[in-house]
Every structure is written in structure tokens, then in C-alpha cells.
Amino acid sequence: MRASRLVSLLLLLQSRGRMTAQELADELEVSLRTIYRDVESLSAAGVPVYADRGPAGGYQLLDGYRTRLTGLTAEEAESLFLTGLPGPAAQLGLGTVLAAAELKLMAALPRQLAERAGRIRERFHLDAPGWFHDGEPTPYLNTVADAVWKQRRVRMRYRRWKTPTPVTRTVAPLGLVLKAGSWYLVGRSEDDPSDGGRSDDGRSGGGERTYRVDRIIALEMLEEEFERPADFDLAEFWASYLARFRDAMFTGEAVVRFSPAGMRILRHLVTPEVIRAAQRNAGPPDEEGWVRTVIPIESVRHAHTELLKFGAEAEVLQPPELRELVIASARAMLDRYDAART
């Protein structure tokens, strides 16, 4: 355990440069006393680590020192080959870079680890996009990625889902996210929206916003650079954004009866949030096995379309307008088939 921690400490200093004892302790989840002992052990083993005192001080390695030690366990070496998604890497223009990096990693690993890591590629394949969805064309993805990396502003013509559309935005691009086969740009818009102060993802006020890359109609990378916010964390922002999106998506509720078959096919027809709500709110089954429950809905129109997928395995009880829409659709379908039969 201690040997692994010493390797981790050494690699942290090698990759990040100067770090304080407290930063190392927080990263490795140990006490300050442990960090002091570990640094002494590294120094005793001949590792040129030294301390700078003062408010801006900390531990760091002698300039130019690089360890050849990877510290990789067999499992860690194998897992690295699951992180390289060839499809997304190629979309970003990094396909050949990824391939070269994998070759170098394989060459650097001991023979036994290289053989085990190679078997991962033979036996596991990661396919990011969802079923029946190849994704929309993203002709500006490479330029967006380049702007994110170089911290340069972009001016883009963007097709929104609401009016007015399209719009022109000047954006400081902070990151790219791949979600269910679609790329999203996270950035800070520097324009004053003319639609009541709401951003393109429906949020009010300033701050970071999201843009689907496949909705960019035209794009220009500007010469002007921007200062990346020191406190911005892309993964943290995305998790928060998804939570807000899900909360805002459902604006109402519906009371529905599901047959036993309807409850079984829930997971194939609706979102995980609806499934969890249906199971959580389900009452006891009646004598025929039907279950009454409450599910969240985005709107009456959207719920009407979604619940029609269940056919006769679901019955809408509330709200009345949703029930009437489903009844009207069922009658229209019956009339259509009766007319065709006669």
C-alpha cells in the first residue's frame, strides 16, 4: 500500500509540478504527517525532491528529472485501452494521435502487461452512440475543438429549437462533451440575448451555456484569446446541467393504470426518470394485476404520444385533457381500420 502511494506521490509531482504538502495529502487522502514521511523516503531513495518554503512554496522535483517508472498494475494497464474511443477521437481529428499513443504505451509496458492489455482490445469494444442513431453531421467539430484547446473565442451562427432561430453568438468555448452520440459545446456567451435574457439551453441569466455542435450553421474562430475561469470544472458543470435539465423537463403529472405487461415494458418505452417514478408511486395490483401509479410528464401533448406506445396495456386516468386526447386517438384509429375493412 505504501509503495503504491509513494509511486503516486512521485507521479503527481512529475505531472503537476510544485504541490504543497496539504495538496498532496488531499489528493492521496492521507495526513500531513504521512506526506512528510513519504517525501523523506523518496529523498532517501535518491529521488531529487526538494521543498520551497514560504506562502508560494511546496514540494517539487529537480528540473529535468523524469522517472521511467509507470507504476501501472496489470489492471490499470488493461483499463487504459478501454478509455480510447476510436470513433470520438477520430471525430476530433485525434484518431492517428490516439493510435500513436497506444503504440508508445504498448512499447513502454513490460511484455506481460503489454500482452494482457492487448487482449482488452480484442475482447471489448465501446460503441458510444445509441441504437438507430448515427448522429447528425458535425462539420465544425474540429474547429470547435481547436478553439477550446487554444482558448480562442468563436463567432457562430446557431440554429436553436425556439424562436428566434437562427441566432449569432460570440462564445468563449470552455469544453466539449459527448453525450449519447451527440457533441455539446460548453461556453460563455458574450452576447446579450434578444429573447428576454434566456440562454440557448433555456436558462436565465449569465454563466456557462450549452450548444449542440450539430446545430452550428456557420463558425469562425476569432484571433482573440480569452482567460479560462480558474474555478470551472467541466465534469462538475455537466453533472449540474443534466440535473437542471431533468428537473425542468417534467412540468406535470399523470395518473395511469398499467397492466402487468405494461409494467414489464416500461423500461423499453420511457425514460429512467419515468420508470423510477412509476415504480415508486405504484399502488397494490388489483384482482387482474393492474397497477395504478403517478408518472411525471413533460406536457400533455408529449405524454399523449408516449403513452400511445403502450396500446391497450395502459389507461390514462388523469388529467382529463390527456385522457380525452388518448380516447380521441383510439377512436380515430378504430374508425380508420373500420373504414378500410368495409
Side-chain angles (χ1 to χ4, degrees), residues 127-136 159-163 165 177-182 184 196 198-204 210 212 214-215 238-342:
D127 187 7
W131 284 101
F132 314 114
H133 180 69
D134 294 331
E136 296 295 326
R159 185 181 69 253
R160 303 190 308 172
W161 61 271
K162 60 181 180 178
T163 56
T165 183
V177 176
L178 178 63
K179 173 69 172 177
S182 296
Y184 293 84
R198 290 199 168 269
S199 67
D200 297 300
D201 58 14
R203 294 189 298 113
S204 59
T210 61
R212 275 187 58 150
D214 58 22
R215 293 181 182 167
W238 187 254
S240 175
Y241 167 75
L242 289 182
R244 291 194 308 270
F245 179 81
R246 290 174 182 135
D247 290 342
M249 183 170 59
F250 299 111
T251 59
E253 292 182 335
V255 181
V256 184
R257 289 178 70 236
F258 288 105
S259 71
M263 290 298 291
R264 286 196 299 270
I265 62 177
L266 265 174
R267 65 189 183 94
H268 301 294
L269 300 180
V270 294
T271 64
E273 289 80 13
V274 176
I275 295 170
R276 287 192 290 268
Q279 295 171 341
R280 182 177 62 250
N281 299 326
D286 61 19
E287 61 275 7
E288 296 179 346
W290 284 66
V291 171
R292 177 186 175 120
T293 187
V294 179
I295 61 172
I297 61 174
E298 295 184 36
S299 66
V300 168
R301 287 288 178 183
H302 183 268
H304 162 249
T305 302
E306 293 296 295
L307 290 169
L308 283 177
K309 298 176 184 177
F310 289 86
E313 305 304 329
E315 178 190 1
V316 176
L317 303 179
Q318 296 288 338
E321 57 269 31
L322 177 56
R323 181 178 174 87
E324 290 304 317
L325 270 178
V326 174
I327 291 172
S329 294
R331 284 175 176 163
M333 291 175 65
L334 181 60
D335 291 344
R336 175 73 61 187
Y337 283 101
D338 281 342
R341 186 169 52 189
T342 57

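As a basis for the values below, the full set of heavy atoms in this structure was taken, side chains included, without hydrogen atoms, waters or symmetry mates.
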(request) Supply the atom-to-atom distance Arg280 CZ to Thr293 OG1, rounded to the nearest 0.5 angstrom. (result) 8.5 Å

(request) Could you tell me the separation between the CZ atom of Arg212 and the CZ atom of Arg159, rounded to the nearest 0.5 Å? (result) 9.0 Å

May I have the list of side-chain donor-acceptor pairs in residues 264-273 shorter than 3.5 Å, sequence neighbours left out?
| residue | atom | partner | partner atom | Å |
| --- | --- | --- | --- | --- |
| Glu273 | OE2 | Arg246 | NE | 3.0 |

(message) For a 4.5 angstrom cut-off between non-hydrogen side-chain atoms, does Lys179 reach Leu242?
(response) yes

(message) Do Gln318 and Glu253 have side chains that approach each other closer than 4.5 Å (heavy atoms only, starting at C-beta)?
(response) no

(message) Working to the nearest 0.5 angstrom, can you tell me the gap between Thr251 OG1 and Glu298 CD?
(response) 7.5 Å

(request) Evaluate the side-chain proximity of Asn281 to Ile295: yes if any heavy-atom separation is below 4.5 Å, no if none is. (result) no

(request) Hey, could you give me the CH2/CZ distance between Trp290 and Phe258, rounded to the nearest 0.5 Å? (result) 9.5 Å

(message) Just verifying a value: how many Å separate Asp338 CG and Arg331 CZ, rounded to the nearest 0.5 Å?
(response) 13.0 Å

(request) For Arg301 and Thr305, run side-chain contact (heavy atoms from CB on, under 4.5 Å): C-alpha distance rounded to whole Å, both residues' side-chain angles, the deciding distance at 0.1 Å, then the answer. (result) CA-CA 7 Å; Arg301 287 288 178 183; Thr305 302; over 6 Å; no

(request) Specify the closest pair of heavy atoms between Gly283 and Val291, including all atoms of both residues, with the distance to one decimal. (result) O-CG1, 3.6 Å

(message) Taking ring pair (Phe, Tyr, Trp, His ring centres under 6.0 Å) as the definition, give me every residue that meets it alongside Trp238, ordered by chain and number, with sequence neighbours left out.
(response) Tyr184, Tyr241

(message) Within the structure provided, determine whether Leu307 and Val256 are in side-chain contact (heavy-atom separation under 4.5 Å).
(response) yes

(message) Between Leu317 and Arg292, is there a side-chain heavy-atom distance shorter than 4.5 Å?
(response) yes

(request) Answer whether the closest heavy-atom distance between the side chains of Val274 and Phe250 falls below 4.5 Å. (result) yes

(message) Looking at every heavy atom in both Ala277 and Pro296, which two are closest together, and how far apart are they?
(response) CB-CD, 3.4 Å

(message) What I'd like to find out is whether the side chain of Val326 reaches to under 4.5 Å of the side chain of His304, using heavy atoms alone.
(response) yes

(message) Side chains of Arg244 and Ser240: any donor to acceptor distance under 3.5 Å?
(response) yes

